[in-house]
2 protein chains.
Amino acid sequence: MGVRQAQKQQSRRALMDAGLRLLEEQNLAGLGVREVTRAAGMSPAGFYRHFRDMADLGVALVEESLASLHVLVRSVLEERGGAEELIDRTVEVIEQHVRGNRAHVRFLARERHGGVRQVREAVAAELDRFAEEVGAALAPQSVSEGWSDEELRMLAGLYVEHMVSTAASFLEAPDPEAGRRIAATARMQLRLVSLGRRHWKDI
Amino acid sequence: MGVRQAQKQQSRRALMDAGLRLLEEQNLAGLGVREVTRAAGMSPAGFYRHFRDMADLGVALVEESLASLHVLVRSVLEERGGAEELIDRTVEVIEQHVRGNRAHVRFLARERHGGVRQVREAVAAELDRFAEEVGAALAPQSVSEGWSDEELRMLAGLYVEHMVSTAASFLEAPDPEAGRRIAATARMQLRLVSLGRRHWKDI
DNA sequence: TGTACATCAGTGAACGCGCGTTCACTGATGTAC
DNA sequence: TGTACATCAGTGAACGCGCGTTCACTGATGTAC
């Protein structure tokens, strides 16, 4: 990649970083081209060398945010161990991810039901893919014996939804103590779901 | 109430209705005073006879939206019957509520993690109150024997979170068939949680 | 009931401002020979 | 290596526009007697 390409890439990053930072306190729909370019140290017109409009930048941010979330989900699904350890590990990984990617997580929580259709749809489509992936990982487990595709999808959806809402809760935690309470609650909830899962086929 | 008061009330309603309608397609943070007054058939300056600013109108809408949700939650909690009927009834009530209050539900989903702090906090506080209320209703049930306050709060939180996410799903359903799928999934998820709940004290 | 005055919801004009987008441009980087 | 031209990321000025908010006002409603 030539110097010019590298510089362009750098400017694009600066715009996305500025956007991400500004979006911690406001909605994508309320974010302005001038605002972002100002924060990125660029002239307003320069924005258009990278994005068609703000929605376009939003979609780019969704892709980036969900890519890092994808890594997270995959890593949890690959873990092996007893139910209890898996639950502890899951909650721990969510908490760490939120800590390390506050802006991305906040952006997703905020724009998931936000005012920009393209962005909403991108988030929804990606969460569906997560659910599918989780479902595929649950299928071969012995506890899932006799489960239909529909039942697996239902369970996967419950897990994904729980992950999202737990991440959003961590985001709002005002202090470490609140974080610990959220983690404890999330672990109990996962334990309860796991129990229900084990007894699903008891008739 | 005199004629003048009644007319003022009517104008206030017109502003809130216009806001609610406009917020189906955008965020509160992106909504303008002129936009709302135009939609409500009032001059821009008239807005300030009713609200300090848009955030103020937002908080009024939260209160209204959550009042109707409160009625919903209460009605479900008061129902009596077998676990299976209660689950069916719960999902049915959620679906009906979304059908009859689309704009309010959408507003809540959108602004729960939206860009206006006051509004976010109002929603969070009210959802906490719901969870507490649900917890109080669960406590006396025989299945809850031996459950600590913490455990009851954890379960109540799971139910409230599930209600919110199910309502949001109904909102996005493009056709009746999708609605039926969402309802079926929600019922199964509640059944699974109910199973976990019954086996929570099995050691 | 009638009259004189007070209240105040809603108006219309005005303000200064920052917005998104366009344009011709500049000058560093890339390419062909 | 050097030269001549092409590309194109980023600039700075300009545009027209709708914004939030203020202000003095109007006229219907309310109140006191």
Side-chain angles (χ1 to χ4, degrees), chain A residues 1-61 64 110-111 114-119, chain B residues 1-61 64 110-111 114-119:
Chain A
M1 191 168 67
V3 175
R4 195 187 249 166
Q5 280 258 6
Q7 280 168 346
K8 181 169 186 185
Q9 208 54 35
Q10 208 172 18
S11 298
R12 189 183 149 95
R13 259 262 57 85
L15 286 171
M16 288 175 72
D17 285 341
L20 216 40
R21 185 156 44 78
L22 293 165
L23 285 167
E24 291 217 54
E25 313 229 328
Q26 68 188 293
N27 289 115
L28 182 61
L31 192 60
V33 168
R34 282 173 182 273
E35 204 176 351
V36 174
T37 51
R38 205 183 301 124
M42 187 187 288
S43 75
F47 180 85
Y48 300 95
R49 297 280 176 204
H50 301 276
F51 302 102
R52 215 172 329 105
D53 50 29
M54 285 304 306
D56 198 23
L57 184 143
V59 170
L61 286 175
E64 182 175 80
R110 183 154 292 166
E111 300 303 331
V116 182
R117 181 192 303 275
Q118 292 164 270
V119 171
Chain B
M1 191 168 65
V3 176
R4 194 186 250 169
Q5 281 260 5
Q7 280 168 346
K8 181 170 185 184
Q9 208 54 34
Q10 208 171 20
S11 299
R12 188 184 150 95
R13 260 261 57 86
L15 286 171
M16 288 176 72
D17 286 341
L20 217 39
R21 184 155 44 76
L22 293 166
L23 285 167
E24 291 218 53
E25 314 230 326
Q26 68 187 294
N27 288 116
L28 182 60
L31 192 61
V33 167
R34 289 179 112 98
E35 203 177 352
V36 174
T37 51
R38 206 183 300 125
M42 186 187 290
S43 74
F47 180 86
Y48 299 95
R49 297 283 176 203
H50 301 277
F51 303 102
R52 216 171 329 105
D53 50 28
M54 286 303 305
D56 197 24
L57 184 142
V59 170
L61 286 174
E64 183 175 81
R110 184 153 294 167
E111 301 303 331
V116 182
R117 181 193 305 275
Q118 292 164 271
V119 171

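This structure is a prediction, so every number in the text was calculated from the model and none was measured. Note on naming: letters A, B, ... go to the chains in the order of the sequence lines (proteins, then strands), and numbering restarts at 1 for each one.
When rounded to the nearest whole Å, the span between CG of A:D53 and P of C:dT22 equals 11 Å. Put simply, CG on A:L15 is 11 Å from C1' on D:dG10, counting in whole angstrom units. Here D:dC23 presents its P atom at 18 Å from CZ of B:F47, a figure rounded to the nearest Å. Taking atom CD on B:Q7 and atom C1' on D:dA28, their separation rounds to 8 Å, with Å as the unit. Atom CD in A:Q10 sits roughly 12 Å away from atom P in C:dT29 (whole-Å rounding). Between the P atom of D:dT21 and the CZ atom of B:R52 lies a distance of 11 Å, rounded to the nearest Å. When the C1' atom of C:dG20 is taken as reference, atom CG of A:L31 falls 13 Å away, rounded to whole Å. One can place CZ of A:R49 at 12 Å from C1' of C:dT26, the figure rounded to the nearest angstrom.
Here A:Y48 reaches the OP1 or OP2 of C:dT21: one of its side-chain N or O atoms lies under 4.0 Å away. For D:dC19, the OP1/OP2 oxygens have a side-chain nitrogen or oxygen of B:R38 closer than 4.0 Å.
Pairing for D:dC19 goes to C:dG16, judged as Watson-Crick or G-U wobble with the two contacts each under 3.5 Å.
Going from atom CG of A:N27 over to atom CG of A:L31 covers 9.5 Å, rounded to the nearest 0.5 Å.
Side-chain atoms of A:R34 and base atoms of C:dT21 include a donor and an acceptor less than 3.5 Å apart. Between the side chain of B:R4 and the base of D:dG30, no donor-acceptor pair under 3.5 Å is found.
Using a 3.5 Å distance cut-off with no hydrogens or angles, the side chains of A:Q5 and A:Q10 do not pair a donor with an acceptor.
The pair A:E25-A:R110 fails the salt-bridge criterion, with no side-chain N (NZ, NE, NH1 or NH2) lying under 4.0 Å from an Asp/Glu carboxylate O.
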Checklist entry - Taking it one step at a time, do B:L23 and B:L61 satisfy side-chain contact (heavy atoms from CB on, under 4.5 Å)? => result CA-CA 11 Å; B:L23 285 167; B:L61 286 174; 3.8 Å; yes
Next on the checklist: What verdict does the side-chain contact (heavy atoms from CB on, under 4.5 Å) test give for A:F51 and A:M16, after you've listed the backbone C-alpha separation in whole Å, the side-chain angles of each residue and the deciding distance to 0.1 Å?
Outcome noted: CA-CA 10 Å; A:F51 302 102; A:M16 288 175 72; 3.9 Å; yes
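Taking every side-chain heavy atom of A:V3 into account, C:dG30 is the closest of C:dG30, C:dG20, C:dA9.
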